[in-house]
Every structure is written in structure tokens, then in C-alpha cells.
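Here the structure comes first, spelled out in C-alpha cells, and everything after it is commentary.
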Amino acid sequence: MTVIRNANMVKRRTVRVAATNITKKIVKILIREGFIEDVREHREGQKYFLISTSRYRKRKKKAYITTLKRTSKPGLRIYSHFREIPKVLGGMGIVILSTSQGIMTDREARQKKIGGEILCYVW
């Protein structure tokens, strides 16, 4: 998440992220929600990377991701019941949660009535 946030701040179009199961699922959610345009997997030696292309507005040259805020940290985990999952900008942004049924957005978690660890806010 930090790599994507830093690349967004300096207006880089492509980002190289280490390919783990969690990052693959988070990037898949960002693609589905329309924040990222494209992702491909790249291998260097024994390591795998995800190269993602950020989505920008055509005329204004601004990214669709304006803020990516990490909530839960290793020193302080933040958990939420499905009724208490916060809405970001009145539903304009998304909350990414880690639940017992996998990583999902706030809308999916409310629909399935599952709470979990709040990983980040994206808007």
C-alpha cells in the first residue's frame, strides 16, 4: 500500500509491488473498483513482482486514487463488526477488510454480514 501511495504522490503511472497473496487480492479489488487500470506479473530471478498501471483522468492528469490510508498496523490492529464498518466519503471511497472469507470491500462485507480487520481506506 505504501508503494502505491508514494507512486501516486509523485504521479508515476506504473508501480512495481512485491507479489504476495495479500497484494494480489488488494490489487484485484482496486482493479474491480476502477482505481487501477492494468496489472501484470513480472519475474526477476526468484522473485515475483506485480507491475500495476494507475488510472488517470484524461484532461486533468489526476489519479483516481487521491488518498490511500492504511488503518490497521502490526502494532495496533483495528477490527470492526459488520454494522460498524465506516463509510468513506459517504460511499464514494472504499474500505478494504481482511475477513474470515478473504479480503473484500466494505460493501461486500456488509452484504455478507461479516466483520474483520480494517486494512485501509481508498478514495
Side-chain angles (χ1 to χ4, degrees):
M1 288 182 265
T2 303
V3 175
I4 295 171
R5 180 177 48 234
N6 290 342
N8 190 34
M9 287 169 50
V10 295
K11 297 182 173 130
R12 288 192 68 176
R13 188 152 170 86
T14 59
V15 181
R16 188 177 90 162
V17 182
T20 63
N21 289 334
I22 293 174
T23 56
K24 286 179 185 178
K25 291 175 186 175
I26 290 174
V27 167
K28 192 180 291 187
I29 288 172
L30 292 175
I31 288 174
R32 189 175 63 225
E33 294 294 325
F35 291 108
I36 291 179
E37 204 172 279
D38 184 37
V39 170
R40 66 180 196 274
E41 198 165 319
H42 179 69
R43 181 178 177 185
E44 289 182 15
Q46 296 293 324
K47 295 184 180 182
Y48 287 92
F49 295 98
L50 295 174
I51 299 175
S52 66
T53 306
S54 297
R55 191 169 174 203
Y56 280 86
R57 293 180 175 91
K58 292 181 182 177
R59 295 183 185 195
K60 295 183 180 180
K61 301 288 184 187
K62 284 190 170 182
Y64 278 94
I65 297 176
T66 57
T67 306
L68 195 144
K69 182 178 178 185
R70 183 171 180 184
T71 306
S72 190
K73 299 173 184 166
L76 179 65
R77 304 282 184 189
I78 308 287
Y79 296 96
S80 178
H81 190 268
F82 77 92
R83 290 188 186 116
E84 299 165 358
I85 296 172
K87 286 191 176 184
V88 179
L89 293 177
M92 296 295 289
I94 62 169
V95 178
I96 298 178
L97 294 122
S98 175
T99 66
S100 60
Q101 294 184 7
I103 295 176
M104 60 182 68
T105 64
D106 56 338
R107 283 179 237 127
E108 294 169 349
R110 280 190 207 97
Q111 190 176 36
K112 293 182 179 182
K113 297 186 179 181
I114 303 171
E117 180 183 354
I118 297 175
L119 296 177
C120 65
Y121 301 130
V122 182
W123 72 87

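When reading the values below, keep in mind they use all heavy atoms of this one structure, side chains included, and skip hydrogens, waters and symmetry mates. For clarity, every value in this text was computed on a predicted model and none was experimentally measured. Each residue takes its place number in the sequence, starting with 1.
Nearest heavy atom pair, residue Ala19 against residue Lys24, reads CB-CE, 4.1 Å. Of all heavy-atom pairs spanning Thr23 and Ala18, the tightest one is OG1-O, 3.0 Å. What you find for Lys69 and Arg5 is that their closest heavy atoms are CA-NH1, 4.3 Å. The heavy-atom pair separating Val39 from Ser52 by the smallest distance is CG2-CB, 3.7 Å.
Within the 4.5 Å cutoff, no side-chain heavy atoms of Asn8 are placed close to those of Ser54. The shortest side-chain heavy-atom distance between Tyr56 and Lys11 falls under the 4.5 Å cut-off. With contacts defined as side-chain heavy-atom distances shorter than 4.5 Å, the pair Ile94/Asp106 qualifies. Side-chain contact between Tyr121 and Thr71: present, with at least one pair of heavy atoms (C-beta onward) separated by less than 4.5 Å.
Connection of Ile26 to Ile118 is not established within any shared hydrophobic cluster, with ILVMFWY side chains joined at heavy-atom distances below 4.5 Å, either directly or through further cluster members. Under the 4.5 Å side-chain heavy-atom criterion for grouping Ile, Leu, Val, Met, Phe, Trp and Tyr, Val122 is connected to Ile31 within one hydrophobic cluster. No continuous path of ILVMFWY side-chain contacts below 4.5 Å connects Val3 to Ile51, so the two sit in separate hydrophobic clusters. Phe35 and Met92 are not part of a single hydrophobic cluster, where members link through side-chain heavy atoms under 4.5 Å apart. Hydrophobic clustering, with ILVMFWY side chains joined whenever heavy atoms are under 4.5 angstrom apart, groups Ile29 together with Val17.
Other residues sharing a hydrophobic cluster with Val10 under the 4.5 Å side-chain heavy-atom criterion for ILVMFWY residues do not exist; the residue is a singleton.
In this structure, OG1 on Thr99 lies 9.0 Å from CD on Glu108, to the nearest 0.5 angstrom. Between the CG atom of Leu50 and the CZ atom of Arg16 there is a distance of 11.0 Å, given to the nearest 0.5 Å. With rounding to the nearest 0.5 Å, the separation of CD1 in Ile36 from CG in Leu30 is 4.5 Å. Here CE of Met1 is found 7.5 Å from CD1 of Ile96. Values are rounded to the nearest 0.5 Å. Rounded to the nearest 0.5 Å, atoms CG (Leu68) and OG1 (Thr2) are 8.5 Å apart. In this structure, the separation between OH on Tyr48 and NE2 on His42 is 11.0 Å, given to the nearest 0.5 Å.
Checked by atom type and distance alone, the side chain of Thr66 pairs as donor or acceptor with a backbone atom of Trp123 at under 3.5 Å. For the pair Arg43 (side chain) and Gly45 (backbone), a donor-acceptor distance under 3.5 Å is present.
In this structure Ser72 satisfies the side chain to side chain donor-acceptor pair (under 3.5 Å) test together with Glu117, sequence neighbours excluded.
Annotation for Ile22: atom CD1 does not count as buried by contact number, only 12 or fewer foreign heavy atoms lying within 6.0 Å. A 6.0 Å sphere centred on CZ of Arg110 holds more than 12 heavy atoms belonging to other residues, nucleotides or ligands.
Evaluated for a side-chain contact (heavy atoms from CB on, under 4.5 Å) with Leu97, the options Ile103, Thr105, Ile85 yield exactly one hit, Ile85.
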